Amino acid sequence: MSRSLLAPCPQVRRLLVCLSLVLAGMASLRNAKAEESNNRYNVLLICIDDLRPELACYGSPVAQSPHLDALARQSLRFTRHYVQVPTCGASRYALLTGRSPAHSRVTSNNAALYQGATALDAKQQAGAQTLPEMFRRSGYRTVCIGKISHTPDGRVFAYNGGGDGRPELPHAWDELATPMGPWKRGWGAFFAYADGLHREDGGRHQDLMQFQVSRDEDLPDGLMAGAAIEQLRRLADRKEPFFLGVGFFKPHLPFVAPRGDWEAFDDVEIPLPPPGKIDSPYWHGSGEFYRYDFPFQKEKPLPAESQRQARRAYLACVRYVDRQVGKVLAALKKTGLEDDTIVVVWGDHGWHLGEQQIWGKHSPFEHALRSVLMIRLPGASTAGQSTDALVETTDLYPTLVELCQPRFRETQHPLDGRSLAPLLTGKSESHRDHAVSYWRDAVSLRTADHRLVARVKDGRPERLELYDLAADPDSAGDIADENPQLTQTLVQQLLERLHD
């Protein structure tokens, strides 16, 4: 039987097969490139230790923060951002895992990351345990400089130098790039004084404040800014998406910065905090603050002039770290990465500067729980605006996932936050009815106008305190007994969150 005129000869069939293979290969390559393009933005996450909203862009009349103020003009600035826990390790745990203490049970530094990494499993899990791990699995180059998790360099060491040095966040970072300088190790750099001295050297150096050096690079934060600039240059050359975490130490105690930052306030009248204290079982003795050697008489409460000196020292450290942030942001622009990079500036909690006679962060009240949050999304219509929407630190994880669209999005545990993308893109003006924070056995619920503080035992609130923050943000007056119906309504909201 003769072959049909329509049937191809063997040579043609082979040619068609080869052509189909080439076309399939081209389609596969296009699909791979499309998949790679799902990594929409780079991320520059700047964490600043103990930074309350004491910046000019947040309304401070005396703060000198021109670089963060300039970033605020390009960002959406959150005026009501609340951390999950007012202590470093637990707050950062909530940021990095996206989990509330209601589910993780992490409410203290010891329960968080740095003691043996017990809260995170070092074995590879089906889903990402932390935010940088998710981005690393998605093909991002992930780099850690400074304090992103609890330890100052991302490695497990105790204050006194013990520990095995393994990564604090398993599988999260391609590179741990913190420069140690003359302090040689993370905790030494974190509690640094000039000339390689530090607080953890046997107790010989315990000064509350020191303004001795002349150059930024004579202290760790200046070194870390330089390291971040160098990393941005390298990342620009690599032409791959990146997640760069830069964690500055100041204004955390001790108050140490270059001499010029102290002198910048020579002619500035530093305001005193409002008088009075909160009569509460949660009021604490400012233990870390009073551990140091003061340049003035150590008294409780501090006299007016001593308060001004302590507040001035904090402001000097803010001025110093603001300048380091400015250097990093200038490098981001110079390397041509700015238009493709989301910038987040986050304070890991607030800090009482003498309000309610507290000097520190460990309380369930407004000044300890409210911190800085600014997000610069390239091309966002909300650039330069602020929002009064109530938001929590746990909201950052799902926000970056939604905005960046990393290829791998599976998490080991469900995320507790809500994406802030609708606020950033101008599609919404509200976010939460309340924000919930935890400290020791207290749970603190913040609504638009009030704060409820409850001591919780066996999952039930015992002692209740209610504060009217609309009337007086520094109010020392517990009004729970005078407002039983409002108190009960807020208690119900609190219980719903605790059992969510």
Side-chain angles (χ1 to χ4, degrees), residues 46 48-72 146 181-183 189-199 205-226 228-229 248-273 288-289 292-299 302-330 345 347 351-355 359-360 372:
I46 300 176
I48 305 179
D49 211 314
D50 285 12
L51 182 65
R52 74 187 223 160
E54 197 66 37
L55 306 172
C57 59
Y58 276 90
S60 171
V62 291
Q64 298 180 20
S65 51
H67 301 97
L68 286 166
D69 298 340
L71 178 64
W183 299 277
F190 186 71
F191 295 113
Y193 297 100
D195 302 322
L197 303 177
H198 56 87
R199 193 189 79 176
H205 302 94
Q206 297 282 337
D207 290 340
L208 178 70
M209 58 183 73
Q210 183 196 78
F211 301 98
Q212 175 180 314
V213 305
S214 57
R215 303 184 313 133
D216 290 357
E217 296 76 18
D218 292 331
L219 295 170
D221 279 354
L223 294 179
M224 288 193 293
I229 292 168
F248 290 113
F249 300 157
K250 296 305 156 191
H252 193 287
L253 291 168
F255 297 142
V256 179
R259 181 170 51 253
D261 292 306
W262 174 263
E263 294 172 346
F265 292 91
D266 279 348
D267 299 322
V268 177
E269 181 69 20
I270 307 296
L272 291 172
E288 185 179 10
F289 180 78
Y292 287 88
D293 296 331
F294 289 5
F296 38 77
Q297 188 171 349
K298 189 177 292 188
E299 301 178 55
L302 287 179
E305 186 54 36
S306 298
Q307 292 186 57
R308 285 196 173 92
Q309 285 200 55
R311 289 164 74 89
R312 176 178 174 177
Y314 181 93
L315 288 165
C317 290
V318 170
R319 187 178 190 269
Y320 172 52
V321 79
D322 172 80
R323 191 163 58 255
Q324 310 321 303
V325 172
K327 294 176 187 177
V328 175
L329 295 178
V345 171
W351 219 81
H352 290 260
L353 281 171
E355 295 89 1
W359 295 89
V372 169

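No experiment lies behind these values; they were computed from the predicted model shown. Count residues from 1 along the sequence.
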Exercise for the section: Could you check Val62 against Arg311 for side chain to side chain contact (heavy atoms under 4.5 Å, CB included), going step by step and ending with a plain yes or no? Expected result: CA-CA 10 Å; Val62 291; Arg311 289 164 74 89; over 6 Å; no
Handout entry: Verdict with reasoning, Arg323 to Glu217, per salt bridge (charged side-chain N to carboxylate O under 4.0 Å, His left out)
Key = CA-CA 12 Å; Arg323 191 163 58 255; Glu217 296 76 18; over 6 Å; no
Please find the pair of heavy atoms, one from [X] and one from [Y], that lie closest to each other, and give the distance.
| X | Y | result |
| --- | --- | --- |
| Ala194 | Gln212 | CB-NE2, 3.7 Å |
| Ile270 | Phe265 | CD1-CD2, 4.2 Å |
| Leu302 | Gln297 | CD2-O, 4.2 Å |
| Glu263 | Arg312 | CA-NH2, 4.1 Å |
| Pro295 | Met209 | CG-SD, 3.8 Å |
| Ala257 | Ala316 | CB-O, 4.1 Å |

Exercise for the section: Check the pair Trp262 / Phe255 against side chain to side chain contact (heavy atoms under 4.5 Å, CB included), numbers first and verdict last. Expected result: CA-CA 10 Å; Trp262 174 263; Phe255 297 142; over 6 Å; no
Heavy-atom donor-acceptor pair, [X] side chain to [Y] backbone, under 3.5 Å:
| X | Y | answer |
| --- | --- | --- |
| Tyr193 | Asp207 | yes |
| Lys250 | Pro254 | yes |
| Gln307 | Gly354 | no |

Practice task
For this output row, return yes or no: ring centroids of Phe249 and Tyr320 closer than 6.0 angstrom.
Solution key: no
Would you indicate whether the side-chain heavy atoms of [Y] and [X] approach each other to under 4.5 Å?
| X | Y | result |
| --- | --- | --- |
| Cys317 | Asp261 | no |
| Ile48 | Val372 | no |
| Phe294 | Ser306 | no |
| Trp359 | Leu208 | no |
| Leu329 | Lys327 | no |
| Leu55 | Ser60 | no |
| Leu253 | Glu288 | yes |

Problem - Tyr292 and Arg199 side chains, donor-acceptor separation under 3.5 Å - result: yes
Problem - Distance-only polar pair, side chains of Gln324 and Asp216, donor-acceptor under 3.5 Å - result: yes
How far does [atom1] of [X] sit from [atom2] of [Y], to the nearest 0.5 angstrom?
| X | Y | atom1 | atom2 | answer |
| --- | --- | --- | --- | --- |
| Gln64 | Leu315 | CD | CG | 8.0 Å |
| Asp218 | Arg259 | CG | CZ | 9.5 Å |
| Met224 | Leu219 | CE | CG | 10.5 Å |
| Trp183 | Leu197 | CH2 | CG | 9.5 Å |
| Gln206 | Phe191 | CD | CZ | 9.5 Å |

Problem - Asp195, CG: over 12 other non-hydrogen atoms inside 6.0 angstrom - result: no
Practice task
With Pro251 as reference, evaluate Val318, Asp322, Asp221, Val256 under the side-chain contact (heavy atoms from CB on, under 4.5 Å) test and give the passing residue.
Solution key: Val318
Handout entry: Stepwise side chain to side chain contact (heavy atoms under 4.5 Å, CB included) check, Phe296 with Glu305
Key = CA-CA 9 Å; Phe296 38 77; Glu305 186 54 36; over 6 Å; no
